[in-house]
Amino acid sequence: MDLWMNAVSDVFTLTNLSAILFGTVFGIIMGCLPGMSSTMSIAIIIPFTFTMDPATGIILLAAIYCASVYGGSISAILLNTPGTPAGAATVLDGYPLSQKGESGRVLGVSAVASGLGGIISAIILSTTAPFLADQALRFGAAEYFAVAIFGISVVSSLGGKNPIKGLMAGVFGILIATVGLDPIVGYPRYTLGEPELNGGFSLIPVLIGLFSASQSFVLIKNAGKDKDATVEDVSSNSRVTFGETLKLLPNISRSSLIGTFIGIIPGIGGDPAAFVAYNEAMRWSKNPKNFGKGEIGGVAAPEAANNAVTGGALIPLLTLGIPGNTVTAILIGGLLIHGLRPGPMLFEENGDVVYSLFISLLVTNILFMVFGLAFTKYFAAVLKVPSRILGPIILMLSIIGAYAIHNSYFDIWIMLIFGFIGYLFRQINVPTTPIVLALILGPIAEESFRQALLQGGGEMSIFVTRPITLVFLVLAVISFFTPFVRDLIGSRKLKKSN
Amino acid sequence: MQKSNYIFALTMAALALLFYFWGNAFSEDASQWPQFFALALLLLSILLIVDTILKPNREKDDEEDEVAKPQIYEKKVFYSALLLIVYLLIMNRLGFLLTTPIFLAALLWAINYRFITKLITISLGTTIAITIIFQFLLGVPIPQGVLANLF
C-alpha cells in the first residue's frame with residue numbers, strides 16, 4: 001500500500017504531470033499523422049528523457065504510447081487513413097459516419113472508448129503484474145533462456161506474408177547483437193579493433209535509425225506526393241451523450257478485455273486486437289448489417305481494444321522483460337538508458353518507478369479522453385502538414401537524439417547506417433521489429449544459455465528437466481511454427497479451391 | 001519483389017558466411033553462438049530463394065494484379081543521403097549551430113520545396129528550437145565545433 005501511496009504522490013508533482021501533459025499532446029499529434037507510428041514517436045523522444053529522473057522519463061514515454069494509439073483514430077475518422085496501424089479497423093465505420101456529418105460524435109465515442117479501454121487494461125496490468133513478477137523471481141538462468149527464446153520466437157509471425165523474411169530479420173538481429181565483448185569470457189567479437197564497439201551497438205542509435213531515420217527517408221521519398229486528402233471537418237453540432245456511452249459500455253468492456261488479453265500475447269499487437277474486437281462487436285450487435293456502413297459500435301470496439309493492448313503488452317515486458325511488440329521493444333530502450341532492466345527484479349529494485357508508471361497510465365488515459373472530447377478540432381489541424389516538411393525535421397531530431405546519449409559522433413553514424421538498413425528493409429517488405437527484438441533478447445538468451453550450461457555441468461538436460469523452462473520452450477516452439485502451419489493450411493485451401 | 005528477394009537472400013548469405021568464417025578466429029566459447037546463428041541465416045537465405053522460386057506470388061496483394069515493384073532508388077533519398085554524409089563530416093568541425101540551417105535549407109531544396117521564406121524559417125527555427133531544448137532545457141550538449149566557447 002505504501003508503494004501505491006508513494007506512487008500517487010510521485011505522479012502528482014508538477015514535473016511528472018507536465019511530462020504526462022506533454023506526452024499526451026505530443027502522442028495525439030504524432031498518432032494523428034499518417035505514417036507516424038507510436039514506435040517512431042517514442043524512439044524520437046527517448047533521448048530527451050536521458051537527463052530526466054527515471055520515473056519522469058518512463059511516464060513520458062508511456063503517455064506518448066497510450067496517446068498516440070488514440071491519436072491514430074482521428075485521421076482514421078476524418079481522413080479515411082489510419083494514423084497508426086492499430087487504427088485500421090476504426091476506418092470501417094468511423095469515416096462513413098464522419099461523411100454523414102457526425103464526426104463530432106464519432107470522435108467523442110472514439111475518445112471515450114479509447115480512454116476506458118486504456119483504463120481497464122491499466123487496472124488489469126497493475127493488479128496482475130506484481131503477482132506475476134513475484135512468481136518470476138524464482139527464475140534461474142535456464143528459465144531466463146527459455147523466456148528469451150519465447151520472446152524471440154514471435155519473429156516468425158512478424159514477417160507478414162512471408163514468415164521467412166521475419167525470421168531472417170530476427171537472426172540478422174541476433175548476429176548484430178554478438179558484436180562486442182563476449183558476455184561470459186569477454187572475448188572481443190567482430191569489433192574491427194574499434195573500442196567504441198566493445199560494448200556492442202548502442203541500442204538507442206539503432207532504434208532511432210531503424211524507426212525514426214528510416215521513416216524520415218520514406219517521407220522524403222514521398223515528398224510532394226501527398227494525396228489531395230479531404231479532411232472532413234469536425235462537426236461541432238454532433239456530440240457523444242452520456243446515455244450513448246452507457247449503451248456502448250458492454251461493447252467497450254468486452255473489447256477492452258479482448259485487447260488486454262491479445263496485448264499480453266507476444267507478437268500479435270494492436271491491429272489484430274482491433275479487428276477481433278470489431279468482429280465480436282458485430283456478432284453481439286442487434287444490427288450487424290449496419291457494420292461497415294457507419295455503426296457507432298464499430299468505432300467503439302476497435303478503439304477500446306487497441307488502447308487496451310497498451311496495458312496488456314506491458315505485462316510481459318515488466319514482469320518477464322519480454323517485449324511483445326515493437327513499441328514495448330522501444331520502451332525497453334527507454335528503461336535501459338536509465339539503468340532499469342525490465343523483469344521481475346524491476347519490481348524489487350525500482351518498485352517506485354513501476355507503480356508510478358501504473359498510476360500515470362490511468363492519468364494519461366483520463367487526460368486524452370478529456371482532450372479528445374474538447375480539443376480534437378485543433379489536433380485535426382496537423383493532418384494538413386505536408387510530409388516534405390516533416391521528413392527533414394524528423395531526420396534532424398534523429399541525428400541530435402543519437403548524439404545526445406553519449407555525446408558521440410560514432411553513434412550518429414551507427415544511427416545513419418541502421419536508418420538506411422531500415423529504409424531498404426521497408427522497401428522490400430522485410431520487417432524491422434524482429435531486429436530489435438533479437439537485439440534486445442539475443443544477448444540475454446546467449447548469456448543465460450551459457451550460464452545455465454555451466455550450472456548444469458555442460459548437460460543440455462537442464463533445459464528439459466525444469467518445468468517452467470520446458471513450458472516456455474514448448475510455447476516458443478508453438479509460437480515459432482504457428483505462422484508456417486497457417487501458411488501451409490492456407491496453401492492447401494487455395495489448392496483445393498482451384 | 002522476386003528480384004529484391006534474391007538480392008536480399010544473397011546479401012544475407014554473404015553476411016552469414018562473413019560472420020561464420022570470422023568467428024573461426026575467436027575462442028571456442030565465444031564463437032559457438034554467433035556461428036550457430038550464421039549457419040541459421042545461411043540456411044534461411046537458401047530457403048528464401050527456394051520459396052521465391054516455388055511461390056513467386058506469395059507477397060502479391062489480393063487487390064493488385066502484379067506484385068508492386070519496390071522503388072528503392074529514389075533521387076530524393078539519394079541526394080538526401082549524400083547531403084547528410086557531407087553535413088555530418090562538416091558538422092564535426094564547424095558544429096551544429098553553423099551547419100544545420102544550411103543543411104536543412106539544402107535538404108528542403110533538394111526535395112523540391114520552393115517556398116523560400118518558409119524554407120528559411122523552418123531551417124532556422126528547427127536549429128534554434130533543437131539548440132534551446134537540448135542545450136538549455138535538457139542540459140544535453142549539442143556538437144559545438146568552432147563555437148565551442150559560445151555557451
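Predicted model, so just to flag it, every value in this text is computed and none were measured. Throughout, protein chains are lettered first and strands after them, A, B, ... in sequence-line order, and every chain is numbered starting at 1.
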- Message: Less than 4.5 Å to any heavy atom of chain A: does that hold for the side chain of B:L84, its backbone, both, or neither?
- Response: side chain
- Could you tell me which portion of A:I399 (side chain, backbone, both or neither) has an atom closer than 4.5 angstrom to a non-hydrogen atom of chain B? side chain
- Query: Which one, A:I389, A:T49, A:I184, leads in non-hydrogen pairs under 4.5 Å with chain B?
  - Reply: A:I389
- May I ask you to say whether A:R450 pairs ionically with A:D182, meaning some side-chain N is under 4.0 Å from a carboxylate O? yes
- Message: Distance check, rounded to the nearest 0.5 Å: A:L175 atom CG versus B:F36 atom CZ?
- Response: 11.0 Å
- Message: Any non-hydrogen side-chain atom of A:I435 less than 4.5 Å from a side-chain atom of A:I176?
- Response: no
- Residue among B:L88, B:L107, B:T100 with most heavy-atom pairs under 4.5 Å to chain A: B:L88
- Item | Part of A:F48 lying under 4.5 Å from any heavy atom of chain B | both
- If every non-hydrogen atom of A:N429 is compared with every non-hydrogen atom of A:K165, which pair is closest and at what distance? O-CD, 3.5 Å
- Given a strict heavy-atom distance threshold of 4.5 Å, which part of B:K118 is in contact with chain A: side chain, backbone, both, or neither? neither
- Message: A quick test of your reading: do over 12 heavy atoms of other residues, nucleotides or ligands sit less than 6.0 Å from OH of B:Y79?
- Response: no
- Ring centroid separation for A:F449 and A:F463, is it under 6.0 angstrom? yes
- Message: Counting only non-hydrogen atoms closer than 4.5 Å, does A:A177 touch chain B with its backbone (N, CA, C, O), its side chain (CB onward), both, or neither?
- Response: neither
- Message: Less than 4.5 Å to any heavy atom of chain A: does that hold for the side chain of B:S27, its backbone, both, or neither?
- Response: both
- Note on the structure: Okay, B:I133 and chain A: the region with an atom under 4.5 Å from a heavy atom over there is side chain
- Under 4.5 Å from any heavy atom of chain A - which part of B:S45: both
- Message: Just so I understand: if I count every heavy-atom pair under 4.5 Å between each of B:L104, B:L18, B:L47 and chain A, which residue has the most?
- Response: B:L104
- Contact origin within A:Y190 toward chain B - heavy atom pairs under 4.5 Å: both
- Query: Quick one: what part of A:L416 sits under 4.5 Å from any heavy atom of chain B, side chain, backbone, both or neither?
  - Reply: side chain
- Heavy atoms only: give me the nearest B:G23-B:Q35 pair and the separation to one decimal. C-NE2, 3.4 Å
- Could you tell me which non-hydrogen atom of A:W413 sits nearest to which non-hydrogen atom of B:L89, and how far apart they are? CZ2-CD2, 3.9 Å
- Query: Aromatic ring centroids of B:Y113 and B:F115 under 6.0 Å?
  - Reply: yes
- Check whether A:Y409 gets within reach of chain B through its side chain, its backbone, both or neither, counting any heavy atom under 4.5 Å. side chain
- Message: Please classify the contact between B:F134 and chain A as side chain, backbone, both or neither, with a heavy-atom cut-off of under 4.5 Å.
- Response: side chain
- Non-hydrogen atoms of chain A under 4.5 Å away: do they reach the side chain of B:L15, the backbone, both or neither? side chain
- Task: Please look at B:D51 and chain A and tell me whether the side chain, the backbone, both or neither of the residue comes under 4.5 angstrom of a heavy atom of that chain.
- Result: side chain
- Please flag which part of A:P188 lies under 4.5 Å from any non-hydrogen atom of chain B: side chain, backbone, both or neither. backbone
- A:V430, part contacting chain B, at a heavy-atom distance under 4.5 Å: side chain
- Message: Taking side chain as everything from C-beta outward and backbone as N, CA, C, O, which of these in B:A81 sits under 4.5 Å from a heavy atom of chain A? Side chain, backbone, both or neither.
- Response: both
- So which part of A:L181 gets closer than 4.5 Å to some heavy atom of chain B, the side chain, the backbone, both or neither? neither
- Item | Where B:L108 and A:P392 come nearest, the two heavy atoms and their spacing | CD2-CG, 3.7 Å
- Item | Region of B:I130 in contact with chain A, defined by heavy-atom distances below 4.5 Å | side chain
- Looking only at heavy atoms, which two atoms of B:P141 and B:Q135 are closest? And how far apart? CA-OE1, 3.7 Å
- Given side chains that start at C-beta, do those of B:L44 and B:M12 come closer than 4.5 Å, heavy atoms only? no
- One option among B:F103, B:F37, B:W22, B:F19 has the most heavy-atom pairs under 4.5 Å with chain A, and it is B:F19
- Candidate pair A:F420 and A:F217, rule ring pair (Phe, Tyr, Trp, His ring centres under 6.0 Å), full reasoning: CA-CA 8 Å; A:F420 285 128; A:F217 292 134; 4.8 Å; yes
- Message: So which residue, B:T126, B:D29, B:L43, B:N112, ends up with the most heavy-atom pairs under 4.5 Å with chain A?
- Response: B:D29
- Message: Looking at every non-hydrogen atom in both residues, tell me the closest pair between B:L83 and B:A110 and how far apart they are.
- Response: CD1-CB, 4.0 Å
